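What follows is a single structure, written as structure tokens, with notes after it.
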Amino acid sequence: MATPAWLIARPVAHRGFHGTPTGHIENTLPAVEAAVEHGYAIEVDLQLARCGEAMVFHDFTLERLTTAPGPVVHHTAAELKQAPFKDTTARMPTLVDLLEVTRGRSPLFLELKSRFDGAPRLVERVANALADYKGPVAVMSFDPAVVVKARAAIADRPIGIVAEVFGDHWEWDVLSTFQKYQYSNLNHVYETRPDFVAYNVKHLPSVPCEILHWQRGMPILTWTVRTPEQRETAAKHADQMIFEGFVP
């Protein structure tokens, strides 16, 4: 699809506008509202509850941010919406809650979390939730299989790949050395056909990103920009930043 101008028009608030500038907790509706009020686009994370609902939450387990135990997927949406966060009265929203709050006022970047298994139920739930939504939305994932499935199920939205130089982080333990090499170098683009790339700012400049940008005009976003030095890198090597911890 033709790349919409809104995709790189505004800085993107990572997990909503949270942390030091606002006091809000990541991926909560107050953080989303704060991003809307400041005119930023909004990046959030999605994963499945046990009942199949798409929840706005980053970690696969609950302990870092809430007082509830265990993996997100072991709980129903109703249980997760009641799980107290440690530092706020806000509660974990569903994707539907998020869409009802944003109402098209700011662009949304929805990162679909997976275990590199294609997350078919999550892709289906997101596609259904977005079917009647009128605002600007992009869908993205680290998992190339998710990107392929999203391309088929959500054909009218920009679909992006999230990437970095895949190393020894525990989240990548399921990947083989060959897969890490392939994904780091975006060697899957003929299959995934992303509309944009979101690449780790710590790993810019990136030759694969530069090739896609100059040969195909593909927009490059970069995450997560937190320091003046990273902001300078983003300005040199990306079209827009996904940021947190400061006011752009």
Side-chain angles (χ1 to χ4, degrees), residues 3 7-16 18-20 26-27 40-47 58-60 64 107 109-116 119 138-148 150 158-246 248:
T3 304
L7 196 72
I8 57 172
R10 311 184 194 185
V12 184
H14 184 237
R15 305 180 193 173
H18 74 278
T20 301
E26 65 184 59
N27 281 323
Y40 305 136
I42 303 158
E43 183 268 353
V44 298
D45 304 283
L46 298 177
Q47 57 182 299
H58 175 269
D59 297 1
F60 288 117
R64 179 173 67 93
F109 289 78
L110 307 179
E111 183 185 330
L112 277 57
K113 308 293 286 184
S114 87
R115 301 283 193 175
F116 291 92
V139 174
M140 59 188 188
S141 179
F142 279 97
D143 185 349
V146 169
V147 175
V148 171
I159 309 296
I161 188 75
V162 188
E164 63 177 355
V165 176
F166 289 81
D168 295 329
H169 191 277
W170 67 266
E171 286 193 77
W172 317 140
D173 286 349
V174 297
L175 299 176
S176 68
T177 300
F178 178 72
Q179 285 174 310
K180 290 178 181 180
Y181 175 83
Q182 293 286 93
Y183 296 175
S184 298
N185 290 283
L186 305 172
N187 289 349
H188 50 66
V189 294
Y190 292 102
E191 177 186 6
T192 53
R193 297 182 295 117
D195 296 304
F196 65 95
V197 175
Y199 211 82
N200 191 335
V201 70
K202 295 179 181 178
H203 302 155
L204 292 181
S206 158
V207 171
C209 288
E210 291 182 354
I211 290 173
L212 290 172
H213 180 75
W214 293 113
Q215 288 189 353
R216 299 190 180 190
M218 190 175 295
I220 307 298
L221 290 88
T222 188
W223 54 273
T224 300
V225 175
R226 297 183 175 93
T227 68
E229 293 77 17
Q230 289 174 343
R231 189 170 185 179
E232 184 176 343
T233 297
K236 289 180 180 178
H237 301 290
D239 298 296
Q240 189 54 270
M241 64 177 176
I242 302 172
F243 76 94
E244 73 171 41
F246 65 94

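As the structure is a computational prediction, the values presented were derived from the model and not from experiment.
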Exercise for the section: May I ask you to decide if N187's main-chain N or O and N185's side chain share a donor-acceptor pair within less than 3.5 Å? Expected result: no

Exercise for the section: State, to 0.1 Å, how close V162 and W223 come at their nearest heavy-atom pair, and which atoms those are. Expected result: CG1-NE1, 3.5 Å

Exercise for the section: Side-chain contact test, heavy atoms from C-beta onward, threshold under 4.5 Å: evaluate it for Y199 versus V165 and give yes or no. Expected result: yes

Practice task
Report yes if the side chains of K113 and E171 come closer than 4.5 Å at any heavy-atom pair, otherwise no.
Solution key: yes

Exercise for the section: Evaluate the side-chain proximity of F60 to R115: yes if any heavy-atom separation is below 4.5 Å, no if none is. Expected result: yes

Handout entry: Rounded distance [0.5 Å steps], CG in D143 versus CG in L112
Key = 9.5 Å

Handout entry: Minimal non-hydrogen separation, H237 against I220, with atom names
Key = O-CG2, 4.1 Å

Exercise for the section: Quick one: do K202 and E164 satisfy side-chain contact (heavy atoms from CB on, under 4.5 Å)? Show the steps, please. Expected result: CA-CA 8 Å; K202 295 179 181 178; E164 63 177 355; over 6 Å; no

Handout entry: Side-chain heavy-atom pair E111, E43 within 4.5 angstrom cut-off
Key = yes

Handout entry: Partner residues of F246 under the ring pair (Phe, Tyr, Trp, His ring centres under 6.0 Å) criterion, sequence neighbours left out
Key = F243

Practice task
Could you pull out the closest heavy-atom pair between D195 and P219, with the gap in Å?
Solution key: O-CD, 3.3 Å

Practice task
For the pair H169 and W172, name the ring-plane relationship: parallel under 30°, tilted 30 to 60°, perpendicular over 60°.
Solution key: tilted

Practice task
Determine whether P11 and Q240 make a side-chain contact, defined as any pair of heavy atoms from C-beta on separated by less than 4.5 Å.
Solution key: yes

Handout entry: E232: side chain to side chain contact (heavy atoms under 4.5 Å, CB included) partners, not counting sequence neighbours
Key = K236

Problem - Heavy-atom side-chain proximity of L110 to V44 below 4.5 angstrom - result: yes

Practice task
Indicate the atoms forming the closest heavy-atom contact of M140 with A198, along with that distance.
Solution key: SD-CB, 4.3 Å

Problem - Other residues, nucleotides, ligands: >12 heavy atoms within 6.0 Å of D173 CG - result: yes

Problem - Candidate pair D239 and F196, rule side-chain contact (heavy atoms from CB on, under 4.5 Å), full reasoning - result: CA-CA 10 Å; D239 298 296; F196 65 95; over 6 Å; no

Exercise for the section: Search all heavy atoms of Q230 against all heavy atoms of T224 and return the closest pair with its distance. Expected result: OE1-O, 3.4 Å

Exercise for the section: Look at the side chain of S184 and the backbone N and O of F166, then say whether any donor-acceptor pair between them is shorter than 3.5 Å. Expected result: yes

Exercise for the section: Indicate yes or no: at least one non-hydrogen side-chain atom of P158 is less than 4.5 angstrom from one of T3. Expected result: no

Exercise for the section: Evaluate side-chain contact (heavy atoms from CB on, under 4.5 Å) for L175 paired with F116, printing each intermediate quantity in order. Expected result: CA-CA 8 Å; L175 299 176; F116 291 92; 3.8 Å; yes

Fill in the blank from the handout: Heavy-atom closest pair (A238 atom, L204 atom, distance to 0.1 Å) is CB-CD1, 4.4 Å

Problem - Main-chain N/O of A234 paired with T222 side-chain donor or acceptor, under 3.5 Å - result: no

Handout entry: Interatomic distance, T192 atom OG1 to I159 atom CD1 [nearest 0.5 angstrom]
Key = 11.0 Å

Problem - Step-by-step side-chain contact (heavy atoms from CB on, under 4.5 Å) determination, R226 to V201 - result: CA-CA 10 Å; R226 297 183 175 93; V201 70; over 6 Å; no

Problem - Sidechain-backbone polar pair: Q47 side chain, H58 backbone, donor-acceptor under 3.5 Å - result: yes

Handout entry: Partner residues of H188 under the ring pair (Phe, Tyr, Trp, His ring centres under 6.0 Å) criterion, sequence neighbours left out
Key = Y183

Exercise for the section: For residues R10 and P107, determine if any side-chain heavy atom of one lies less than 4.5 Å from a side-chain heavy atom of the other. Expected result: yes

